[in-house]
Amino acid sequence: MQTLQAIIMGAVQGLTEFLPVSSSGHIVISSAFYKMLTGAEIVVTNEEIFFDILIHLSTLFAVIIYFFGDIKNILSNFYTAAKEKNYKSDNFLFVIYILIATFITGVFGLLTKEAAHNLTENPFIVSIFIIITGCVLLISEKIKKDENKKTDIKTALVVGLFQGFAVMPGLSRSGMTISSAMFMGLKRFDAARFSFILSIPIILLASFIYPLLTFDLKDIANFNYQALISGMVTSFITGYLCIKYFMNFLKNNNLKCFAYYCFIAGTISAVIFYIKGI
């Protein structure tokens, strides 16, 4: 992997991981475009898989830093509630709901791992999935309940299932989780907060389990670490800034602009890849 490619991929990951437009889809598409322009074969190498894990960890670190106070309070109150056997407290239940949603996503992810991996070499289908993401976002704005309710067991189950769908490149994890939480009655801001905190355990699990199931870890000795580190730094910086401004954006705006973006970007890339026969 070249340093320029890594920086581009890192920036794409940071900018799109938390926006509801599919970071995985944009990684696949931007990588395919880069390889088309440089004449490289459009195949996914082990180094690229490893790099994808690293930049996800970088954006995860951005989430932890941004929500550090929130996460600290949740875990502290969870511990206190568990110690006092106050199993009905909001903070205790919030952690339980995160675990439930993560479990459902994990099961779904394991069942569809091979299909999701195969899609990384099919940018045309990924482009179609980005269009589908746009449809989900638009529908969520049309039929959202907007009841200002709290997260509950039903919400955790539905969000976990929708997050499971998002293992497919092109289906946005944040888009699926925020939209499904809105379907269940959460406000946009609360839905985004649940979505971002929910990303912590699932990214951690995927980052440690996926490589063990996918490739020989001995391969990492030959990777271009200058490129990998450059991409990680870029991913972290852009990811943190993206979270900061997106959370502020959601206070007074809806998701329709992201839906329209998905329609345009997905359609343009789908047409290009169809013409190129990729």
Side-chain angles (χ1 to χ4, degrees), residues 1-19 21-66 109 113-127 130 166-170 172-174 199-200 202-243 265 269 272-273 276 278:
M1 174 174 284
Q2 299 177 352
T3 300
L4 177 60
Q5 179 186 4
I7 291 175
I8 293 173
M9 297 300 102
V12 169
Q13 166 65 19
L15 289 171
T16 59
E17 173 64 26
F18 305 110
L19 297 182
V21 296
S22 179
S23 64
S24 60
H26 278 72
I27 290 292
V28 170
I29 289 172
S30 57
S31 178
F33 277 130
Y34 182 86
K35 291 174 181 177
M36 283 172 53
L37 293 173
T38 58
E41 185 179 3
I42 300 181
V43 294
V44 179
T45 66
N46 286 342
E47 184 176 21
E48 289 175 320
I49 295 173
F50 186 69
F51 176 66
D52 186 58
I53 293 167
L54 292 180
I55 56 178
H56 271 84
L57 287 173
S58 295
T59 48
L60 171 63
F61 191 45
V63 172
I64 293 174
I65 289 179
Y66 184 85
K113 180 181 73 70
E114 184 174 351
H117 177 70
N118 290 338
L119 280 179
T120 60
E121 296 183 0
N122 194 329
F124 172 76
I125 298 299
V126 171
S127 300
I130 288 179
V167 301
M168 299 296 177
S172 167
R173 192 206 67 81
S174 61
S199 72
I200 296 174
I202 199 64
I203 291 177
L204 280 174
L205 286 174
S207 298
F208 289 104
I209 294 177
Y210 187 79
L212 294 176
L213 299 176
T214 306
F215 61 90
D216 189 348
L217 294 179
K218 294 179 181 178
D219 293 341
I220 66 175
N222 299 316
F223 293 165
N224 182 353
Y225 281 94
Q226 179 181 343
L228 300 184
I229 293 173
S230 298
M232 289 178 66
V233 173
T234 305
S235 179
F236 168 75
I237 294 173
T238 54
Y240 181 85
L241 293 174
C242 185
I243 297 171
S269 58
I272 292 174
F273 291 127
K276 292 290 185 178
I278 299 175

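Because the structure is predicted, anything quoted here is derived from the model rather than measured.
Ser269 and Ile29 get closest at one heavy-atom pair: OG-CD1, 3.7 Å. In plain terms, the two heavy atoms of Gly10 and Thr238 that are nearest each other are O-OG1, 3.8 Å. A pairwise comparison of heavy atoms in Pro169 and Thr120 identifies CG-CG2, 4.2 Å as the closest pair.
With sequence neighbours left out, Tyr66 forms a side chain to side chain contact (heavy atoms under 4.5 Å, CB included) with Tyr240, Ile243, Lys244, Met247. Among residues two or more places apart in sequence or in another chain, the side-chain hydrogen bond (donor to acceptor under 3.5 Å, both in side chains) test is passed with Thr16 by none. Applying the side-chain hydrogen bond (donor to acceptor under 3.5 Å, both in side chains) test to Thr59 and every residue at least two apart in sequence or in another chain returns Gln13. With sequence neighbours excluded, the residues that form a side-chain hydrogen bond (donor to acceptor under 3.5 Å, both in side chains) with Ser172 are Ser174. Annotation: side-chain hydrogen bond (donor to acceptor under 3.5 Å, both in side chains) contacts of Gln5 (sequence neighbours excluded): Glu48.
To the nearest 0.5 Å, the span separating OG on Ser30 from NZ on Lys35 amounts to 10.0 Å.
In this structure, Tyr34 places its OH atom where more than 12 heavy-atom neighbours from other residues, nucleotides or ligands lie under 6.0 Å away.
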Is there a side chain to side chain contact (heavy atoms under 4.5 Å, CB included) between Ile27 and Met9? Walk through the geometry before answering. CA-CA 6 Å; Ile27 290 292; Met9 297 300 102; 4.2 Å; yes

Identify all side-chain donor-acceptor contacts of residues 226-236 below 3.5 Å with residues at least two apart in sequence or on another chain.
residue	atom	partner	partner atom	Å
Ser230	OG	Gln226	O	2.8
Thr234	OG1	Ser230	O	2.8
Ser235	OG	Ile55	O	3.1

